[in-house]
Amino acid sequence: MAPSTALTDTIKFRQSHLDVRPWTDLPSMYWRYRLGYVPSTESLTTQQNGQDYLELRFGVDSKRHPKFVFAICDGVGSSYRGDVAARTMGDWLCNTMWGKWGDTISAVQLGDNLWKRLKEMPPEVVNPIDDEPIPDDIPSLMRSALNRQREVGSQTMFIGGRMTQGKLSFASCGDLRLSVLDGDFNSLYTYRPDTDSRWSSKRGVIGEIVPHVIDDPETMNRVRHIIAHSDGLKDAELWWLSDAELQEHIEMLQKREDSDDITYIQIEFTNDLGQPQLL
Amino acid sequence: MSYTAAATSKTPALIIYLLDVSGSMGTPDIVMPEGNRTSRIELVSKCLEDVAISMVARSTRGTSIQPRYRIALLAYSGQVWDVLGGIKTVDEFAQQGVPNLSPQNMTNTESAFLEAERILLAEIPNLPPNSPAPMVCHLTDGEYNGGDPGPVAQRIMNMSTPDGNVLVENIYIGPNPLGQTVADPTSWTGLTSESEISNQFVKELFRMSSVLPPNYVGIFREFGYHNWRDEARMLFAGNDSKMIEMAYVMSGVTPTR
């Protein structure tokens, strides 16, 4: 039997966490979720932080409509402390999207607004990333390498998603995957991954943020699945796998010598989203 | 031959540098961006440090270095010196630092390639599965004394691994030997044919150079060298510091995670 959780909760996976969670029902909600967070073999064997970050929040808004936000961030491994950038961005995205922000805006406005906010990210958010100390007792070549990385900033790619009041909003940037599917697994929206786009703590958004909003009742009523994952899972179609098969697939990829951090989330809806229900 | 294997701590990329330290490498004819001149060997040392920093940066997770590269550094003139004292992982190389190089006498290029071949023959059978193809990066400033290195270089390029044949890159330092003027090396497109070269020795180096695999071309372009052609050989020639810097960058483009 699938485990159940509280009506309002925040789930965060980062650094050395390791979990593949089967379908989890939410009492009184009309969706369920499953997720996986598995650091790369290299991270595990060398006891280093994974570079991915996953956060999922769900609850009820002031009008008693159910809502959730999620963020998957993939820290750029060759940047300075990509793990810190991923964690900071994930937290910031969820905090930003959890509020009323975005309730009434179009996709274009969503993208512009997010771009502006990221460009003007407050110093108290960015400074701790850039101020991550370089240890004293390291060789000069490594110090030079870290200083060179720090010049271009800590970097992360990200996907943020939000559902509230019969509306889905997404913002995607970089080499991550996102699909919205109907009940027959036909695509209603697919984000095309982009290896060049990312956010840098020094330079802001490099490349582009791709916003997407689904708010017409007809399309919303067709939405049954949201799937998002980091590039460690490649481009496999995983939504139809059973929990056991998904776990087996993730473990197979994770055992490869060149495995990358893997983060996966799938949300399945049981009701039409076009007519938001009160809880 | 996919050349898709990533350099990881369990499947590190093996890179062998062959550095000509013959007497002529002391010639101060390298044009720096500021317009001043420096000696060939000083530029080689600087570029070696730059590529080491780049490899360390690409091997760093958090604040620790993953051993994603293994490096051998052979300097040669009349004889061959193993500068690092064996193959070192990039974290060991970072500890050790880039050695000082000083000009010597002769240019026995063949002996350097023979030593690289000996290392590869010993290493290739023991490479972990899914390792990237090894790379040999040779830097010289002139014609060789002694035997012809061409046949040894061909044998090396024919050595196969599951990821692909061993790659050989050549860097010629000297007055422009190309049949074209390269105003901005960062926008240079590379060489795809011997007819693009006017110097006989550099034509020989062309034949001793591998084509940069398509998967590496993309990574090379990410470093800012956007105009590199798909079929261009791993060969650089000139006395502009930016050209030499670009050549060293190429020696570190094995994919990483």
Side-chain angles (χ1 to χ4, degrees), chain A residues 15-16 39-52 74-87 132-152 154 175 195-196 198 206 230-232 234 253 255-262, chain B residues 2 4-13 46 48-69 71 88-99 127-132 162-163 215 218-219 221-224 226 249 252-257:
Chain A
Q15 298 178 345
S16 56
S40 69
T41 297
E42 190 172 69
S43 298
L44 292 173
T45 54
T46 58
Q47 297 182 311
Q48 291 295 310
N49 291 339
Q51 306 276 320
D52 279 5
D74 183 352
V76 176
S78 57
S79 75
Y80 183 67
R81 298 304 307 266
D83 58 321
V84 179
R87 186 180 70 217
E132 278 286 315
I134 295 177
D136 294 328
D137 55 342
I138 58 172
S140 64
L141 264 184
M142 177 147 192
R143 180 171 299 282
S144 301
L146 291 175
N147 277 323
R148 187 180 286 184
Q149 286 183 333
R150 199 143 75 164
E151 282 171 18
V152 294
S154 298
D175 193 15
T195 55
D196 292 331
R198 71 262 326 259
I206 300 167
S230 59
D231 62 336
K234 318 293 180 196
L253 285 174
K255 283 175 183 163
R256 286 172 45 154
E257 305 286 5
D258 63 345
S259 70
D260 199 355
D261 301 327
I262 292 171
Chain B
S2 58
T4 53
T8 72
S9 50
K10 288 197 168 182
T11 59
K46 180 189 171 298
L48 199 53
E49 182 163 325
D50 280 350
V51 77
I53 290 170
S54 175
M55 281 183 193
V56 170
R58 299 185 79 210
S59 304
T60 299
R61 265 182 109 90
T63 53
S64 78
I65 308 171
Q66 309 302 314
R68 293 177 179 171
Y69 294 89
I71 299 160
K88 301 293 179 189
T89 56
V90 66
D91 49 321
E92 292 168 336
F93 185 41
Q95 290 284 351
Q96 205 164 327
V98 175
L127 292 178
N130 304 319
S131 292
D163 188 47
N215 195 36
I219 298 168
R221 287 175 181 156
E222 281 178 25
F223 280 95
H226 301 291
V249 167
V253 296
T254 308
T256 54
R257 279 277 167 213

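If you're wondering where the values come from, they're calculated on a predicted model, not measured in any experiment. Residue numbering restarts at 1 for every chain, and letters A, B, ... go by the order of the sequence lines.
Using a 4.5 Å cut-off between heavy atoms, A:Thr195 makes no contact with chain B at all. Within the 4.5 angstrom heavy-atom criterion, only side-chain atoms of B:Gln66, from C-beta onward, approach chain A. Only the side chain of B:Thr11 comes within contact range of chain A, with at least one heavy atom under 4.5 Å from a heavy atom of that chain. Only the side chain of A:Thr41 comes within less than 4.5 Å of a heavy atom of chain B; its backbone N, CA, C and O stay farther away. When heavy atoms are compared at a cutoff of 4.5 Å, B:Ser59 does not approach chain A at all.
Note that CD1 of B:Ile53 and CZ of A:Arg148 are 5.0 Å apart. Values are rounded to the nearest 0.5 Å.
B:Ala57 and A:Ala145 get closest at one heavy-atom pair: N-CB, 3.7 Å. Considering all non-hydrogen atoms of both residues, A:Met142 and B:Ile65 come closest at SD-CG1, 3.1 Å.
The closest side-chain heavy-atom distance from A:Leu141 to B:Glu49 is below 4.5 Å.
The environment of B:Lys88 atom NZ is dense: over 12 non-hydrogen atoms of other residues, nucleotides or ligands sit within 6.0 angstrom.
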